Amino acid sequence: TAIRSPVKEPGPLHTKISLTSSIVSGIIALCFAVYGLGIWTLVILNAVSSAISTLLLWFYNRWKPKFIFSLKSFKEMFGFGYKLLFSGLIDTTFNNLYSLIIGKIFSPLSLGYYSKADSLSGYPARSITHMIQRATYPSLSKLQSNDQSLELNYRKILRLSAYIIFPIMIGISAIADPLIQLLLTYKWNDTTILLQLLCLSFMWYPIHALNLNLLQVKGRSDLFLKLEIIKKIVGLTILIATIPFGIVWICIGRVFNSMIALIINTYYTGKLINVKLSKQITDILPSLINALVMGVICYLSLFLSNILWLKVILAVIIGFIYYFCSDKLTHNHFSMDQQIKKKYNYWQWRTLIVLMVAYILYYFLRKNFSAALPAMQEELGITKLQLGIFITLNGIIYGFSRFINGFIADRCSRRKLLAGGLVLSAIINFSIAFSPKLDGVFNLLDTEGKATMGLVYLIGSLWVINGYIHGMGFPPCASL
């Protein structure tokens, strides 16, 4: 699928393939869920969806591979690719090493705290990095022979990445305590300090990725592999040194390892296109300082209320207002590139930032249901089969919604569709969270405090509706 998807095909064809695979795989997974396969239903859903998408792409795409072996092409591609392959294997092995060691030396409960903190902090950083890399790698590749233009565009992307990722990661770190209690309940309080530290580690992740991306653009996969080996030796040394002091110190070690890795990465990019560490720090420093001040303001905002959900909302709103207002007043970010016309520069940056933030919020409002599954099973007594049916129907409706809203986006304001979907999805999420509170009116809980079928149907219906609403987000992002 990955090989054939980039081939230029009409947009409606890809939509039909996506819609067909979503509906068929959803129906098949729903049948298995009814027959009691439980969590394996999600595995079947993803496997069948990928298989159908691959078969349809092969069927509709006229390009077919030829059974011709070119030794010259093999040597050229293999010489570049095998170093990236080994680098990826080393990186994956090292990252999984943390969970392996923590699970072996410490308790399973400690591993659970660490894994949850790692997933919550790593998701926004990896998602933003993935989007930026996919959007910028082709354009940077076209400039690989022009070092001056490559440097200009690279620094521009660097500033944009820092402008987006720093406030998100520092903001999560600042409100980690009420956020964990709100999303995962008080039982996960020990995750808070780990989440805060890992956010400070992952905030540098896009900067690492951009530096390594530049090595690929220049065709230096040998340096890519060399850097990976050096960084992992340093990281392994720090990991071994921090193990005796506990999980908190392991996370502190990851913060220091991330900072050292940044210095190592920028050493070679500085040699390639004269973008040394000092230049990169100068580019990202305004956003870093602004984000740190925002983090302090978010933390102080937590004392404005004793209500958990209101604490988080107030901190996010106040931090958001400060960050963008201070940037507007100081012109720290948008006035640095003088070669782009003022009006184009204004809308270019803001459109890209809004789309990224909106897409992340859509993902958050869709993926948070998975984080709540254990609590819903334990506190409300909703079975895995029922939850599996909710998720499956949500996926089916989501695929159908993307198709329908694609036509709607062509005929109405994309901005209103994008914003309206976020607002409606937030309302649905809050409605699900507070639905048990309606027990006094609709008898949604039994005498033991467990969910009746009325509450099960209510939550399921709301989550299926949320699947349609989330389909309102993709067409505006894709078209804009």
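These values consider heavy atoms only, across backbone and side chains, with no hydrogens, waters or symmetry-generated copies. Just so it is clear, the model here is predicted, and its values are computed rather than measured. Position 1 is the first residue of the sequence; numbering continues from there.
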- Given Ser121 and Tyr205, is the side chain to side chain contact (heavy atoms under 4.5 Å, CB included) satisfied, shown in steps? CA-CA 11 Å; Ser121 57; Tyr205 185 80; over 6 Å; no
- Task: Report yes or no: do Ser107 and Ser110 form a side-chain donor-acceptor pair below 3.5 Å?
- Result: yes
- Looking just at side-chain N and O atoms, do Gln196 and Asp177 make a donor-acceptor pair shorter than 3.5 Å? no
- How about Ile465 and Leu424: do any of their side-chain heavy atoms sit closer than 4.5 Å? no
- Answer whether the closest heavy-atom distance between the side chains of Ile297 and Met294 falls below 4.5 Å. no
Around atom [atom1] of [X], are there more than 12 heavy atoms from other residues, nucleotides or ligands closer than 6.0 Å?
X	atom1	result
Phe94	CZ	yes
Tyr322	OH	yes
Lys279	NZ	yes
Lys83	NZ	yes

Distance check, rounded to the nearest 0.5 Å: [X] atom [atom1] versus [Y] atom [atom2]?
X	Y	atom1	atom2	answer
Trp188	Leu120	CH2	CG	9.0 Å
Ile382	Gln377	CD1	CD	9.0 Å
Ile469	Ile427	CD1	CD1	8.0 Å
Thr192	Leu197	OG1	CG	11.0 Å

Tabulate below the donor-acceptor pairs under 3.5 Å that side-chain atoms of residues 233-256 make, not counting sequence neighbours, or state none.
unit_1	atom_1	unit_2	atom_2	d
Thr237	OG1	Ile233	O	2.8
Thr242	OG1	Ile238	O	2.9
Thr242	OG1	Leu239	O	3.1
Arg254	NH1	Tyr114	OH	2.6
Arg254	NH1	Asp118	OD1	3.0

- Residues passing the ring pair (Phe, Tyr, Trp, His ring centres under 6.0 Å) test with Phe320, sequence neighbours excluded, are Phe324
Please check if the side chain of [X] supplies one atom and the backbone of [Y] the other of a donor-acceptor pair under 3.5 Å.
X	Y	value
Thr92	Leu89	no
Thr266	Leu262	yes
Asn466	Leu462	no
Ser99	Asn96	no
Ser425	Gly421	no
His208	Ser258	yes

- Query: Does Tyr468 have its ring centroid less than 6.0 Å away from the ring centroid of Trp463?
  - Reply: no
- Query: Is the distance between the ring centroids of Tyr123 and Phe202 under 6.0 Å?
  - Reply: no
- Message: Could you walk me through whether Asn211 and Tyr154 satisfy the side chain to side chain contact (heavy atoms under 4.5 Å, CB included) test, starting with their C-alpha distance in whole Å, then the side-chain angles of each, then the deciding distance to 0.1 Å, before giving a yes or no?
- Response: CA-CA 9 Å; Asn211 277 274; Tyr154 171 78; 3.2 Å; yes
- Message: Between Asp91 and Lys231, does any NZ, NE, NH1 or NH2 come within less than 4.0 Å of an OD or OE carboxylate oxygen?
- Response: no
- Query: So, for Gly467 and Ser401, which heavy atoms are closest and what is the spacing to 0.1 Å?
  - Reply: O-CB, 4.2 Å
- Query: When you look at Phe86 and Phe224, which way does the side chain to side chain contact (heavy atoms under 4.5 Å, CB included) test go after all the steps?
  - Reply: CA-CA 10 Å; Phe86 281 130; Phe224 196 106; over 6 Å; no
- Sequence-distant partners of Lys187, side chain to side chain donor-acceptor pair (under 3.5 Å), two or more places apart: Glu378
